[in-house]
Every structure is written in structure tokens, then in C-alpha cells.
Amino acid sequence: MNFLRGVMGGQSAGPQHTEAETIQKLCDRVASSTLLDDRRNAVRALKSLSKKYRLEVGIQAMEHLIHVLQTDRSDSEIIAYALDTLYNIISNDEEEEVEENSTKQSEDLGSQFTEIFIKQPENVTLLLSLLEEFDFHVRWPGVRLLTSLLKQLGPPVQQIILVSPMGVSRLMDLLADSREIIRNDGVLLLQALTRGNGAIQKIVAFENAFERLLDIITEEGNSDGGIVVEDCLILLQNLLKNNNSNQNFFKEGSYIQRMKPWFEVGDENSGWSAQKVTNLHLMLQLVRVLVSPTNPPGATSSCQKAMFQCGLLQQLCTILMATGIPADILTETINTVSEVIRGCQVNQDYFASVNAPSNPPRPAIVVLLMSMVNERQPFVLRCAVLYCFQCFLYKNQKGQGEIVATLLPSTIDATGNSVSAGQLLCGGLFSTDSLSNWCAAVALAHALQGNATQKEQLLRVQLATSIGNPPVSLLQQCTNILSQGSKIQTRVGLLMLLCTWLSNCPIAVTHFLHNSANVPFLTGQIAENLGEEEQLVQGLCALLLGISIYFNDNSLENYMKEKLKQLIEKRIGKENFIEKLGFISKHELYSRASQKPQPNFPSPEYMIFDHEFTKLVKELEGVITKAIYKSSEEDKKEEEVKKTLEQHDSIVTHYKNMIREQDLQLEELKQQVSTLKCQNEQLQTAVTQQASQIQQHKDQYNLLKVQLGKDNHHQGSHGDGAQVNGIQPEEISRLREEVEELKSQQGLLQSQLAEKDSLIENLKSSQVSAGNEQASAAASPRDSEQVVELKQELTALKSQLNSQSLEMTRLQAENRELLQRAEALAKSAPVEGESENVATAKTTDVEGRLSALLQETKELKNEIKALSEEKTAIKMQLDSSNSTIAILQMEKDKLDIEVTDSKKEQDDLLVLLADQDQKILSLKSKLKILGHPVEEEDESGDQDDDDDETDDGDKDQDI
């Protein structure tokens with residue numbers, strides 16, 4: 001406060017004495033007046049003076065205004081005046097400064113008054129509580145004041161709001177206000193609130209900000225909307241940029257699908273207003289925020305897939321191929337499509353299928369390349385096309401093969417009616433425009449990036465130089481242009497192409513060295529003392545020569561590794577060579593290109609390095625330096641060590657495979673044991689059920705026996721015959737039901753014995769397979785003998801079951817005969833009204849038949865008794881089988897113990913492997929002492945096959 005008074009006293013043109021007294025009197029009235037009207041009038045007067053006499057009002061009245069906010073909340077009018085006055089004091093938006101030298105001082109006043117206001121955090125909390133008032137005259141000035149505070153001192157105000165209870169939630173309610181001016185200013189407030197604060201960004205996002213903002217954009221007309229759409233898009237960028245949590249929430253909430261209508265631009269003749277261009281530009285930037293290469297790869301990939309699935313990529317490609325699109329929108333659309341397809345195979349395949357609406361239709365890639373190699377196109381557009389082509393080929397070996405295939409003789413259109421991507425790249429590579437040369441060289445290098453197959457295929461490309469002369473290879477033509485002394489930008493582009501081409505491709509190195517003029521040209525360029533402009537070319541020539549040494553397979557006798565190193569030492573000097581090689585990474589434009597994949601240059605002369613090439617330089621610079629200083633003996637030792645390492649790797653791989661196979665076999669055995677346990681439990685349950693059923697049959701048999709005894713006491717009379725007709729068929733039907741039940745039980749027993757048979761067979765087979773392993777080699781021959789005995793017992797059980805089945809069949813036949821006889825008895829019963837002699841004869845006949853029937857019933861009882869005994873015997877045999885299964889389970893436990901012993905033996909093998917790894921480490925340390933680069937490898941025993949293959953590939957490259 002004292003500082004501000006000093007500033008006021010030092011002003012050259014301060015207010016008159018009367019005005020200062022007026023402000024003081026008004027402040028005294030606000031502080032001391034008991035009438036609300038007097039205080040309101042005083043605050044209104046301060047508001048009118050606050051714009052012109054900002055410093056004086058701020059110094060004298062701020063405390064009184066804050067007190068008014070605290071005590072007079074019931075009167076919205078005085079609160080509105082107080083908020084407006086504070087806004088005029090703090091804000092710099094409505095300054096009416098005349099002198100330019102006082103502008104900076106007036107801007108500092110805002111931050112100084114803001115610092116005084118937020119010195120008491122309760123003031124900000126009070127302001128947040130005022131925003132809950134629905135009264136327009138309170139809420140709107142409060143929004144403006146809080147926005148001004150955030151603009152002046154953002155981080156401290158953000159921190160106060162963050163720790164305030166429900167602080168952010170209160171501000172989010174502004175987006176739901178029906179009054180557009182408050183809603184729109186609420187968007188501006190949230191812009192200032194979320195700028196650079198990840199915690200507040202997350203809270204705002206989870207307060208349903210995405211839904212509300214997208215609704216506002218839709219209501220306002222998407223890209224055709226006004227400045228409100230622009231403000232909403234800026235707020236969305238604040239929430240999503242560099243915030244992985246919000247990006248994932250945006251994708252999971254299916255908000256990407258709602259972005260598609262933004263890019264439905266409609267008729268090309270509808271016109272493009274400045275606001276529409278701005279809105280669409282921000283929309284494209286928002287898409288790029290979600291798929292930026294700086295985001296985590298997993299998040300970027302999921303957003304890319306979502307954009308393809310919802311049709312957003314297709315809509316962007318429609319804009320890309322449309323006519324009448326403004327240049328800056330077209331450029332930003334190309335950049336957006338580039339990052340949507342970068343590294344995503346599905347999106348890259350779709351982009352390759354897009355055709356321009358021409359006659360005949362041409363692929364979009366060809367149309368874009370035509371713009372890239374056309375020197376009349378804007379520079380930023382050509383850079384965007386190059387970036388699009390690079391993203392199309394990024395991690396896309398299929399696309400790389402398609403581009404290289406357009407250069408091969410078998411795929412070139414002989415009629416010349418259509419132009420291909422390869423022809424455009426060759427045309428740009430050898431045109432007179434140095435920028436086209438550089439772009440075409442970098443684009444072709446990306447077609448070879450990390451793809452040894454296409455590097456070899458490109459060696460087949462032949463170019464016709466002039467009529468009557470034989471064709472030359474593309475590789476030779478590139479070196480010819482280098483030797484002709486073209487522009488620096490052209491030579492840099494060609495050297496980057498050659499370095500990318502020859503790296504990790506010994507065949508290409510052999511083709512390059514086969515031309516006897518190439519090595520002398522490179523050594524001559526490196527050895528000369530040229531100016532600073534040529535130092536970069538010298539460094540690239542040194543890198544190319546170093547690649548020719550490092551990836552040389554010594555197939556050419558005159559250009560073996562050792563001879564090339566001797567040539568460098570003789571004509572250049574090793575120290576001078578390494579110094580020239582270091583010119584690349586020390587160049588001022590090298591670090592700039594290594595930061596981002598997008599080629600973003602202010603002007604063509606800055607277009608020197610490619611992002612992927614900087615990675616290659618970083619990878620090869622160190623290994624080339626070490627390779628130059630190596631002697632021939634060290635190379636031989638390195639080869640021997642590599643062979644030794646390969647042998648050890650093969651041994652380790654063999655043991656790993658063996659351990660993996662044993663693990664699989666152990667898993668299979670465990671599964672078999674668990675299956676046997678389940679089957680054993682099922683069989684025990686079945687035996688229990690059968691025992692209860694047998695007991696039920698015994699009870700039924702006793703009951704039948706009692707009933708038959710009663711029937712014997714009533715034989716010999718007509719009444720007895722009638723009783724036989726009433727009772728005997730029911731007993732016979734019961735016998736028939738019992739026989740059917742016995743038959744079903746016999747079938748169940750057969751199925752259970754068959755399951756036991758298959759169980760024992762599986763157990764036997766598992767024992768045999770386990771015997772093949774090292775873990776089960778010590779299994780006892782006693783197991784197989786027990787299995788044979790158990791099999792014999794099962795065979796005996798089966799034979800008994802077969803005989804029982806025959807007996808059951810015979811019982812069924814007899815049962816049918818009994819039924820037929822019972823029916824005959826029922827028909828032969830005496831009828832009332834017949835003569836007594838006939839009745840006597842029939843009764844005698846019935847008694848004879850009944851006696852025969854009783855005799856057969858006795859035989860049936862005996863047979864049932866025999867069947868019951870056989871069932872008892874079968875139960876005993878089942879118990880014996882269960883005991884056999886228990887014995888086999890014990891044998892299985894023994895096998896498990898032996899498996900444990902096998903695992904111990906495997907641990908011993910792992911100890912052996914550890915010893916071998918220690919030997920390998922000692923060999924590597926010797927290599928390091930000798931100066932050979934040794935890559936660190938994972939020493940874990942559980943390393944995946946993919947890592948093994950990668951290590952093998954790295955060793956092959958080192959060779």
C-alpha cells in the first residue's frame with residue numbers, strides 16, 4: 001500500500017486536490033454511513049471515478065469495497081457497483097492512457113492491485129460465493145472480476161480456487177446459465193482458470209465440461225458459429241493438450257464421434273468468412289491434440305482407431321480433396337490427416353485407397369506429391385505434404401513396398417498415360433529446384449526407413465539419362481549429381497538419402513563401393529579445408545564413408561574394412577575424420593529438427609535436416625567412431641567373440657525350449673490329475689446312489705414276499721379266483737417295473753465301468769508319456785503290473801455284467817409270459833347266469849393255472865434273490881475298483897514328487913546357464929577393454945522369444 005502511495009505521489013499528472021478529497025469523503029461515507037442509500041450512492045460515485053482515477057480509488061477504496069461485499073449482500077445494487085469498481089481498478093482492458101510511457105506503469109497497477117486483493121484468500125472465496133447469486137447484476141460483474149484476477153495473476157488465484165470447497169463446481173454452473181452473456185463470459189473465465197493447471201483441468205473435465213461445451217458448439221452452428229465457438233474450442237484445447245487423463249476421458253466418453261459434423265463444410269460456394277476459417281482451424285488443431293506424436297503411443301493409437309471408425313478420417317480426406325478450400329485450412333487439414341494416419345496401419349491403408357475427384361481418378365498420394373515437387377506451390381503447403389507422406393510411410397512396410405514398386409521396371413506404365421508416386425519422386429529428385437530435390441530425397445528415404453527388403457529392391461531401379469546412352473542405376477545417378485557440385489540443399493538431401501539407403505544393408509554398400517569413383521570423391525570432400533557452409537556436407541560425407549566401413553561385408557577385395565580405414569588414416573587422418581563427422585550433430589539446425597517429427601521451417605533455407613535422419617545420426621555416430629579406431633586384430637577377435645556368443649546363445653535357446661516343453665508337459669499332467677480326481681468323485685457318488693437303490697429294491701422284495709404269502713392262504717374257492725384277478729396283475733406289474741429298473745441300473749453300471757476303463761487307460765498313457773521325460777525316468781515297473789491286473793479285473797467285471805444282461809433278458813421274457821397268463825385268467829373268470837357245472841370246471845382250471853403261476857412266482861423270487869446277490873458282488877467289485885484308483889492316485893503322488901525332483905534338476909540347469917552367462921559377461925568385458933561396442937542384453941531367464949529374435953538381429957547387424 002505504501003508503494004502504491006509512492007507511485008501516486010510520483011505521477012507527473014496527478015488528480016487535483018479536490019478530486020482526492022472527494023474520493024476520501026466518499027470512502028468515509030461508505031465506511032461510516034448507516035443508511036444503505038447513502039452507502040449505495042457513495043459506491044456508485046466511486047465507480048464513476050474509478051476509470052479516470054484508478055490508482056487513487058484503488059488505494060483508498062479497496063478495503064471499503066471488500067467490506068461492502070461482505071456486509072451488504074442483501075442489496076444486489078450496491079454489490080454490483082462494488083464489483084464494477086473493483087473490476088475497473090484491477091482490469092487493464094479499458095485503459096485510456098494518453099502517454100505511451102505510462103502504459104507499462106498502468107499495466108503493473110492491475111497486477112499490484114490483484115496481489116493486494118488475493119493477499120487475503122477469503123476475498124476470492126467471497127467472490128466465488130457471490131457467483132451463486134442468480135441476479136444478473138451480481139453474477140456478471142463477479143464473472144468479469146474473477147476473470148480479470150486470473151489474467152493478472154493466474155497461478156496464485158488458481159491455487160486459491162482449487163483449495164476452495166466446491167470452487168470449480170460453482171464456476172462450472174456458469175455454462176448452464178440461460179443468459180448467453182454470462183455463459184459466454186463463463187467460457188472465458190474457464191479459459192483463464194484451466195490455463196497451465198493440470199489438476200483444475202481434470203476437475204473441470206469430470207464436471208461434464210466436454211458435454212456442455214460440445215452442446216454449445218452445436219447450438220452455435222459448429223464451424224459456421226461465431227466467436228463463442230472459438231472460445232469453446234480454445235477451452236477444449238486447454239483441457240486436452242498435454243493431459244493424458246482428459247484425453248482418455250474424452251475418447252471413452254465417445255466425444256470424438258461428435259467432432260465429425262464439424263468438418264461437414266457443405267457447398268464450396270457458400271463462402272468462407274474469417275470467423276469460419278478461424279473456427280475450422282481450431283477444430284483441426286483440436287483433432288491434432290488427440291493424436292499428437294508427443295502423446296503416449298497407446299492413447300494416440302486408440303484415438304486414431306476411433307476417428308476411423310466414426311468416419312472422422314473419411315470426412316477430413318473429403319476436405320483434403322475438395323476444391324475451393326482456403327490455403328491455410330488445406331495446409332492444416334493435410335497436417336491433421338498426417339497425424340491421424342501416422343503409425344496406424346488401418347488408417348494408412350484407407351488413405352492409400354483415397355482417390356482425388358479427377359478424370360481419370362488419381363490416388364490422393366499422387367496428387368499431394370505433385371504439389372510437393374511443384375515449386376510454384378506455397379512453402380508451408382509443400383512442407384505439409386512432405387509430413388503427410390512421411391506419416392503415411394511411418395511403420396508401414398506395406399506402403400513402403402507400394403511406393404518402391406512404382407519405381408521398378410515391371411510396374412512402370414509404358415504408355416505414359418498416368419504418373420506414379422515413384423516417377424514424381426524421381427522427377428523431384430533430379431529437378432532444378434533445390435527444395436524439390438531435398439523433399440524428394442527425404443520422402444524416398446522414408447520409403448526405405450527400417451526396411452532392408454526395399455533397400456535391396458531399390459537397387460534394381462534403372463534410369464534413362466539420354467537417348468542412345470545405357471541406363472544407369474538410381475544409386476549411381478545420385479552419386480553423379482553429388483559429384484557435379486550442385487546446391488548445398490540438394491547435396492544434403494542426396495547424402496541423407498544415401499546414408500539411409502546404405503545403413504543396415506551390406507548389399508547396398510557393396511553396390512556403392514563397386515563404383516570406383518565414389519570412395520575417392522568422399523575422401524576428397526572430407527580432406528579439403530572448406531568454409532563453414534561446406535562443413536555440413538563434409539560431415540555427411542564422413543558419415544556415408546563410415547557407414548560404408550561399418551556395414552561392409554568385405555565382399556570387395558579392394559574395399560575391405562581394413563583397406564578403407566588405412567585409406568582414411570593416410571589421406572584424411574582419424575582425428576580429422578572424427579572431427580568432420582561431429583560437424584553434423586553440432587550444426588545449429590540439427591537440434592531443432594530432432595525435437596519434432598513435423599518439418600516446420602520458417603523459410604526454405606532452414607530446410608536442412610530431417611527428424612528421422614537425426615535419429616540415424618545419433619545411432620551411428622558412436623559406433624562409426626569406434627569402428628574407425630579398431631585394428632584388424634581387434635576385428636578378428638570380435639568375430640571370434642561373436643561366434644562364441646552365438647554358440648552360447650544357441651545353447652541357451654536350446655535349454656529354454658527344453659524347459660518350456662517340460663513346463664507344458666507338467667501342465668498337461670496336472671490337468672490329467674485334476675480330471676481323474678473329478679471322475680473319482682463322480683464314481684463315488686454313483687456308487688452311493690446305487691447302494692441306496694439296492695436297499696430300496698430289497699424293501700420292495702420283502703413287501704412282495706408278504707403279499708404273495710397272503711395270496712397262498714386264500715386259494716381253492718371262487719372268491720379266491722376273483723381275488724387273484726384283482727391282485728395278481730398288480731404284483732406282476734410291480735415285478736415288471738423292478739426288472740426295468742434293474743435293467744437301467746445294469747446299463748448305468750456298464751457306463752460307469754466303461755468310464756473307469758477309459759480312466760485307467762488315460763492314467764496308463766499319462767504314465768507312459770511321463771516316462772519319456774527326464775522327470776519320470778525313475779518310475780517303478782510295478783505301476784504297469786498293477787495297471788494290467790486292474791485291467792484283468794475290469795475284464796472279469798465286464799463278463800459278469802454280460803451274463804447278468806442275459807439273465808435280465810430271460811427275466812423280461814418270463815415276465816411277459818406271466819402278463820399274458822394273467823390276462824388269460826382275467827378272461828376265463830366265471831360269469832353270473834352260467835350253469836354250475838361250467839363254473840365248477842372253470843374253477844378247477846383256474847386253480848390248476850394258479851398253482852402253476854405260484855410255482856413260476858417262486859422261481860422268479862429265486863431269480864431275484866440270485867440277482868440281488870450278483871448286485872452285491874458287483875458292489876464289492878466296484879469297491880475294489882475304487883481302492884485300485886486310490887492306489888493309482890498314490891502312484892500319481894509319487895509321480896508329482898518325481899516331477900518336483902525334475903524341477904530341481906531344471907534349477908541345476910539354470911545354475912549352469914548362469915555360469916555360462918557369467919562367462920559371457922567376462923567375454924563382453926574383454927570386448928569392452930578391446931574397445932568393441934557391446935550392447936546390453938536382458939539376463940533374465942524368462943526373456944521372451946521376441947527379445948531373443950531382436951538380440952539375434954542386433955548381433956547380425958553388428959557382424
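Worth knowing before you read on, the calculation uses all heavy atoms, side chains too, and leaves out hydrogens, waters and symmetry mates.
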Q: Check the pair Gln304, Asn347 against side-chain hydrogen bond (donor to acceptor under 3.5 Å, both in side chains), reporting the backbone distance first and the verdict last.
A: CA-CA 8 Å; Gln304 287 173 333; Asn347 294 4; 5.2 Å; no
Between the OG1 atom in Thr323 and the CG atom in Leu330, the distance rounded to the nearest 0.5 Å is 11.0 Å
Starting from the C-alpha separation in whole Å, work towards a yes-or-no answer on salt bridge (Lys or Arg N to Asp or Glu O under 4.0 Å) for Asp185 and Arg179. CA-CA 10 Å; Asp185 283 352; Arg179 295 159 293 193; over 6 Å; no
query: Hey, does Phe351 have a side-chain heavy atom less than 4.5 Å from the side chain of Leu320?
result: yes
Separation between CH2 (Trp140) and CG (Leu131), nearest 0.5 Å, reads 14.0 Å
Open item on the list: Whether the side chain of Ser292 engages the backbone of Val289 through a donor-acceptor N/O pair (distance < 3.5 Å, no angle test) should be reported.
Closed with: no
**Message:** Does any part of the side chain of Leu494, heavy atoms only, come nearer than 4.5 Å to the side chain of Leu429, both counted from C-beta?
**Reply:** yes
>> Between Ser431 and Asn437, is there a side-chain heavy-atom distance shorter than 4.5 Å?
In response: yes
Applying side chain to side chain donor-acceptor pair (under 3.5 Å) to Glu612 and not counting sequence neighbours gives none
- Task: Using only heavy-atom distances, determine whether the side chains of Glu339 and Tyr387 contain a donor-acceptor pair under 3.5 Å.
- Result: yes
Measure from NZ or CZ of Arg592 to the centre of the six-membered ring of Phe601 and say whether it is under 6.0 Å with the direction within 45° of the ring axis. no
Heavy-atom nearest pair, Asn197 first then Ile200, reads OD1-N, 3.1 Å
**Prompt:** Do the charged groups of Lys487 and Asp433 touch, with an N to O distance under 4.0 Å?
**Reply:** no
For residues Gln390 and Pro599, determine if any side-chain heavy atom of one lies less than 4.5 Å from a side-chain heavy atom of the other.
yes
**Message:** Pairing donors with acceptors under 3.5 angstrom, does anything connect the side chains of Gln489 and Ser434?
**Reply:** yes
**Q.** Validation row: Leu280, Trp272 side chains within 4.5 angstrom (heavy atoms)
**A.** yes
Heavy atoms of Thr500 and Ala445 approach each other most closely as CG2-O, 3.7 Å
Handout entry: Flag for Asn243-Gln201: side-chain donor and acceptor within less than 3.5 Å
Key = yes
dist Ile234:CD1 -> Thr194:OG1 (nearest 0.5 Å) comes out at 10.5 Å
Worksheet item: How far apart are the C-alpha atoms of Ser436 and Arg382, what are their side-chain angles, what is the distance that settles it, and do they pass the side-chain hydrogen bond (donor to acceptor under 3.5 Å, both in side chains) test?
Response: CA-CA 9 Å; Ser436 297; Arg382 299 174 74 180; 2.7 Å; yes
So CG of Asp349 and SG of Cys344: to nearest 0.5 Å the spacing works out to 9.0 Å
In terms of heavy-atom contacts, Leu239 and Asn246 come closest through O-ND2, 2.8 Å
Any side-chain heavy-atom pair of Phe206 and Ser245 under 4.5 Å:
yes
May I have the list of side-chain donor-acceptor pairs in residues 161-175 shorter than 3.5 Å, sequence neighbours left out?
residue	atom	partner	partner atom	Å
Ser169	OG	Glu207	OE2	2.8
Arg170	NE	Glu132	OE2	2.8

Checklist line | Student check: side-chain heavy atoms of Phe392 and Arg342 closer than 4.5 Å | finding: no
d(Arg362 CZ, Leu369 CG) to nearest 0.5 Å is 12.0 Å
- Given Ser273 and Gln275, is the side-chain hydrogen bond (donor to acceptor under 3.5 Å, both in side chains) satisfied, shown in steps? CA-CA 5 Å; Ser273 64; Gln275 186 62 54; over 6 Å; no
In short, Gly225 meets Asn279 closest at the heavy-atom pair O-ND2, 2.9 Å
Interatomic distance, CE@Met283 vs OG@Ser223, rounded to 0.5 Å, equals 5.0 Å
Partner of Val228 under side-chain contact (heavy atoms from CB on, under 4.5 Å), picked from Asn184, Leu233, Ile217, is Asn184
### Task
For the residue pair Phe250 and Tyr255, categorise the inter-ring angle as parallel (less than 30°), tilted (30 to 60°) or perpendicular (more than 60°).
tilted
side-chain contact (heavy atoms from CB on, under 4.5 Å) filter on Glu252, not counting sequence neighbours, yields Asn248
Query raised in the report: Any side-chain heavy atom of Cys383 within less than 4.5 Å of one from Met607?
Result: yes
Whether Gln454 side chain and Leu448 backbone form a donor-acceptor pair below 3.5 Å:
no
